[in-house]
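This report concerns only the one structure given below.
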Amino acid sequence: MKLVTFAHQDQQRRVGWLDANQRVVDLSEALGGRSLIELLPDLGTVEQLAETHSTSGALPTYDLTQVQLLAPVSRPNSLRDCMAFEGHLINCTRTVVRWKLPPAVTLDRWCQRAFGRGFLRPPRVWYQRPVYYKGNPDAVVGHDAAVRWPAYTDRLDFELEFGIFIGKRGRDISEEAAADHIAGYAIFNDFSARDVQLSEMQGRLGPAKGKDFDTSNAIGPWLVTRDEIPDARNLTMTARVNGDVWCEANSGDMHYSFEEIIAYISRDETLHPGDFIGAGTAPGGCGLELDRWLQPGDVVELEVERLGTLRNRVVRNHS
């Protein structure tokens, strides 16, 4: 199922289901006004209601053009973002090194061709555990929302990601049981103030203001339930800016699976329905890797196979 949180004419937040004709079926009244985060542990009820509507057609239904899609979970219970793609880290490191010492990048690429790996690789700890940072769940926006360019940065960046919503409470979850705790998947754009991030992380803590600003976390356009994604590590991922393809990647390059990530994060820590966990940026999936930068007014579209397309416009609005 594809589940949405949306606003219609009354501008009240509502929960819906996207049917086979790409129309939004309004489930809010039938579900007693419960939000999607409240429904995540009980998606069976939503499925039954959708099946009933498919037969009776009794619920209000709207074209996508008639509604405003919000983030599927408007305020996640928590937000964590991992770095599960080795290629992303290597490419980012090469960009930063190239600014200071270009021959080192040339040598690194030669080593990769000759020996199968270069020397500008992630630190050893990255290969030992799926490291992550915690973001601000109050900074989440949805599809077609404007992303405000922070006044303190000159280099705003996008990130091509997707992630999971936890649907079942648990602690010390095993890898074997982890899939049962995934309610569904959504596309994630982790907007980043790169110049600030690179500066502040020299203090060996963070990221902080490099990631933390209003509208910095775009999630959407909807939540796709786990049963619709047979293999989360075989999804085509594409990033476009103003219609121009900047990146094409595949989730198969993830070094860690979501099951491994859940098992690690839940060590002696309870995960709750509505927690969001991002996989991290796909290789080539950000401006820093490409040394190519967003400008005010740019429209960023992230497309992930089976998950849809998440679109946001970057605006300079410091009011």
Side-chain angles (χ1 to χ4, degrees), residues 1-31 33-40 43 45-76 140-147 158 160-165 183-189 191 215 217-229 235-245 276 297-315:
M1 297 182 68
K2 293 181 176 67
L3 302 175
V4 299
T5 297
F6 70 99
H8 190 232
Q9 294 175 347
D10 59 8
Q11 293 301 306
Q12 292 184 353
R13 190 171 288 136
R14 310 180 75 83
V15 172
W17 159 59
L18 197 69
D19 68 15
N21 296 316
Q22 296 286 287
R23 289 171 59 84
V24 176
V25 180
D26 190 345
L27 306 175
S28 291
E29 290 187 14
L31 291 169
R34 284 184 288 173
S35 66
L36 187 51
I37 194 171
E38 294 174 299
L39 294 165
L40 290 180
L43 290 180
T45 297
V46 182
E47 292 174 358
Q48 291 175 4
L49 185 60
E51 289 176 4
T52 300
H53 171 78
S54 297
T55 303
S56 66
L59 298 174
T61 305
Y62 313 106
D63 290 329
L64 275 172
T65 56
Q66 296 176 294
V67 304
Q68 176 189 355
L69 293 178
L70 308 174
V73 174
S74 298
R75 190 197 185 279
V140 169
V141 295
H143 179 70
D144 270 341
V147 172
F158 70 92
L160 172 59
E161 306 191 28
F162 75 116
I164 57 172
F165 281 102
Y185 301 83
I187 303 172
F188 180 38
N189 196 337
F191 284 91
T215 70
N217 300 308
I219 302 177
W222 35 69
L223 181 153
V224 181
T225 54
R226 179 168 58 93
D227 59 294
E228 298 249 343
I229 310 298
L235 302 175
T236 300
M237 306 175 69
T238 306
R240 293 183 293 270
V241 179
N242 302 325
D244 182 21
V245 174
F276 182 80
D298 283 350
V299 175
V300 182
E301 293 178 300
L302 305 186
E303 182 177 355
V304 179
E305 183 181 1
R306 296 178 177 266
L307 301 187
T309 300
L310 174 64
R311 181 176 61 239
N312 298 96
R313 182 184 294 274
V314 176
V315 298

task = Start with the C-alpha distance between Leu31 and Thr45, add both sets of side-chain angles, then the distance that settles side-chain contact (heavy atoms from CB on, under 4.5 Å), and finish with yes or no.
result = CA-CA 9 Å; Leu31 291 169; Thr45 297; 4.2 Å; yes
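- Of the charged side-chain nitrogens involved, at least one lies within less than 4.0 Å of a carboxylate oxygen, so that Glu303 and Arg240 count as a salt-bridged pair.
- A donor-acceptor contact shorter than 3.5 Å is absent between the side chain of Asp298 and the backbone of Asn312.
- Arg311 places no side-chain N or O within 3.5 Å of a backbone atom of Asp144 that could act as its donor or acceptor partner.
- A donor-acceptor pair is defined here as one N or O able to donate and one able to accept, closer than 3.5 Å; such a pair exists between the side chain of Trp222 and the backbone of Leu307.
- Inter-residue side-chain proximity for Leu223 and Leu40 is flagged as met; some heavy-atom pair is nearer than 4.5 Å.
- Annotation: side chain of Leu43 is not in contact with side chain of Arg226 (no heavy-atom distance under 4.5 Å).
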request  = Go through the steps to decide whether Val15 and Arg34 satisfy the test side-chain contact (heavy atoms from CB on, under 4.5 Å), and finish with yes or no.
outcome  = CA-CA 8 Å; Val15 172; Arg34 284 184 288 173; over 6 Å; no
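- Contact annotation: the side chain of Met1 approaches that of Val46 to within less than 4.5 Å [non-hydrogen atoms, C-beta and beyond].
- In this structure, the separation between CZ on Phe165 and CD1 on Ile219 is 4.5 Å, given to the nearest 0.5 Å.
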Without placing hydrogens or testing angles, list every side-chain donor-acceptor pair under 3.5 Å for residues 57-74, not counting sequence neighbours.
residue	atom	partner	partner atom	Å
Thr61	OG1	Leu59	O	3.2
Asp63	OD1	Arg23	NH1	2.3
Gln66	OE1	Asp63	N	2.7
Ser74	OG	Arg13	NE	3.0

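- Considering all non-hydrogen atoms of both residues, Leu49 and Ala30 come closest at CD2-CB, 3.5 Å.
- Between Glu228 and Lys2, the shortest heavy-atom distance links the atoms OE1-NZ, 4.0 Å.
- Heavy atoms from other residues, nucleotides or ligands lying under 6.0 Å from CD of Gln22 number more than 12.
- Atoms CD and CG, from Glu161 and Asn217 in turn, are 9.0 Å apart once rounded to the nearest 0.5 Å.
- Phe158 approaches Val241 most closely through the heavy-atom pair CE2-CG2, 4.1 Å.
- The 12-atom threshold is not exceeded at CD of Glu29, counting heavy atoms of other residues, nucleotides or ligands nearer than 6.0 Å.
- Taking 4.5 Å as the limit, every side-chain heavy atom of Leu302 sits out of range of all side-chain heavy atoms of Phe188.
- Counting only heavy atoms from C-beta outward, the side chains of Val245 and Thr238 approach each other to under 4.5 Å.
- Contact check for Leu235 versus Tyr185: no side-chain heavy atoms found under the 4.5 Å cut-off.
- Remark: side-chain polar atoms of Asn242 are not paired, donor with acceptor, to backbone N or O of Asp244 under 3.5 angstrom.
- Applying the salt bridge (charged side-chain N to carboxylate O under 4.0 Å, His left out) test to every pair with at least one member in residues 46-62, sequence neighbours left out, gives no pairs at all.
- A distance of 11.5 Å separates CZ in Arg14 from OG1 in Thr5, rounded to the nearest 0.5 Å.
- Across every non-hydrogen atom of Leu310 and Pro221, the tightest pair is N-CD, 4.2 Å.
- Between the side chain of Thr225 and the main chain of Gly184, no donor-acceptor pair closer than 3.5 Å is present.
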